[in-house]
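See below for the structure under consideration.
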Amino acid sequence: MSERLYIFDTTLRDGEQSPGASMTRDEKIRIARQLEKLGVDIIEAGFAAASPGDAESIHAIAEAIKESTICSLARANERDIRAAGEAIKPAARGRIHTFIATSPIHMEKKLRMQPDQVVEAAVAAVKLARQYTDDVEFSAEDALRSEPDFLCRIFDAVIQAGARTINVPDTVGYAVPHLTTEFFRKLIEGTPNSDQVIWSAHCHNDLGMAVANSLAAVMAGARQVECTINGLGERAGNAALEEIVMAVRTRCDVFDLETRIDTTQIVPASKLISSITGYPVQPNKAVVGANAFAHESGIHQDGVLKHRETYEIMSAESVGWSQNKLTLGKLSGRNAFRTRLQELGILPEGEEALNAAFARFKELADKKREIFDEDLRALLGDSGPDAAERYRLISLKVVSETGEQPTANLVMGAQGEEHRVVAHGAGPVDAVFKAIESVAQSGADLLLYSVNAVTAGTDSQAEVTVRLSLDDMVVNGQGADIDVLVASTEAYISALNRLTTEAGRAHPQA
Ligand code: KIV
Ligand code: ZN
């Protein structure tokens, strides 16, 4: 039997450190559920000490998820460890991941600590973390720019203190693959009791080598890889989970390792993260890009038709690209709808939510002849109009004509009142957003406007993400509709509603 490679997903922690990728508690729970379905071994759900909101999200995820270990990050100090320990308490299996920097530049310039003090802090942190859970991970931040001898010393000390996993991060994405293999070999050979722990790689992608470096570490004996869906993460991102998993699976002749990942859940996970964060996936991205399985050249198409393996090393279905299978249509009933949502794992909680989703499905089926799984995912991802929200789209008419300035006629509900406004803009979307702002007067800055077609064809639903910032708050709003302008309006309004909710949290009324 092949040895196991543990997949540690940090989309909700390092991934959330991507600029503007902050997620709400409910979005994090939705993502955690998808990660559980994907078969991720460890979900790093956040950094409990970062904010009460982070701690609350980790706690809620620890309550909801049963199949994956739930982990919180913590710096090597008492306050962070206690916050992490409290946040993971409800988890069936909980882990504390504590870290401190070990490179000369970080110790001297950032921590202003002597190496001895760093070792002491690390040991104290691990010992305290062990009071909350047996499952403690220690990371030497900026390890790939640290002295190997010092790393062996600190790893020896934290293993004696009770760490079970030793993570060796390439924090700044500086490593190159063949040296990474050598580096890991040296650490594993030079650390006493190295066979008592799991060695882990955590690579950043600043030079585009995060996946290659992670796999290089695996070649040296690392048995945990820390990664994110779509490679989301700080700066240029982390190693992409989908690439690591598919490399190990496709090249089992090289790695001879197994993961617990259900690869057919990769594309749904990728789409979910992309729609929630508003970070689109580049079309030529490995595994999850729209073109990853598209064959353009005639020679390739001919080859694939004759024998798929001539030009494909893995199948689109194996990573969850559906065959654009027609699932439901205009005449489908509520039961068929419910069954399909259940099969896709996106059944909303409660009859009321299901009824609302079914009503939106019927509306969509009136406009779009063929409804695919992707349509259902977009439909369920977009929570639809909510009467309890502050702003609501009632109706929209946009006139766009060559040589004329586009005009938006908008009827919008705001705090229970109906407003009719007309606005002009540089383009139709600009006109719509100006119309909304003339009612809301939020003063928010538009940081991102992104449109994705959910399926192929001109009758595809458009999935729109709008990112707004106001003061120190950054929120995303999503909308999905066959009409790109309606989807854009809903995305903007959903972002405005989130800003209101966030502002209410930051300044609760006495
Ligand atoms: O990149 C890094 O060093 C990290 C650590 C906190 C593990 O994210
Ligand atoms: Zn990182």
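For ligands, and for the atoms within them, numbers begin at 1 and follow the listed sequence.
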Between Asp14 and His204: side-chain donor-acceptor atoms closer than 3.5 Å
yes

Heavy-atom contact check, 4.0 Å cutoff: does His97 meet ligand 1?
yes

Could you list the atoms of ligand 1 found under 4.0 angstrom from a heavy atom of Ser139?
7 (C)

N/O separation below 3.5 Å, Asp14 to ligand 1:
yes

Sorted by chain and residue number, the side chain to side chain donor-acceptor pair (under 3.5 Å) partners of Gln224 (sequence neighbours excluded) come out as Arg95, Glu137, Ser200, Glu226

Which of the numbered atoms in ligand 1 are below 4.0 angstrom from a heavy atom of Glu141?
3 (O)

Taking the Zn ion (ligand 2) as the reference point, name the nearest N/O/S atom of Asp14.
OD2

Run the salt-bridge test on Asp253 and Arg251 with the 4.0 Å N-O cut-off and return the result as yes or no.
yes

Among the N, O or S atoms that His202 has, which is closest to the Zn ion (ligand 2)?
NE2

Atom 3 (O) of ligand 1: nearest protein contact (heavy atom, Å):
Thr171 OG1, 2.6 Å

Return the residue, atom name and 0.1 Å-rounded distance of the protein heavy atom closest to atom 4 (C) of ligand 1.
His202 NE2, 3.5 Å

Side-chain donor or acceptor of Thr133 paired with backbone N/O of Arg130 under 3.5 Å:
no

Considering only distance and modelled atom types, tabulate donor-acceptor pairs under 3.5 Å from the side chains of residues 156-164, sequence neighbours left out.
unit_1 : atom_1 : unit_2 : atom_2 : d
Asp156 : OD1    : Gln160 : NE2    : 3.1

With a 4.0 Å heavy-atom cut-off (strictly under), which part of His204 contacts ligand 1: side chain, backbone, both or neither?
side chain

In the protein, which heavy atom is nearest to atom 5 (C) of ligand 1, and how far is it?
Arg13 NH2, 4.0 Å

Under 3.5 Å side-chain donor-acceptor pair for Asn213 and Thr180:
yes

Salt bridge check, Lys271 against Glu463: does any charged N sit closer than 4.0 Å to a carboxylate O?
no

Return yes when Glu234 approaches ligand 1 closer than 4.0 angstrom through a heavy atom, no otherwise.
no

Below 30° counts as parallel, above 60° as perpendicular, anything between as tilted: where do the rings of Trp199 and Phe155 land?
perpendicular

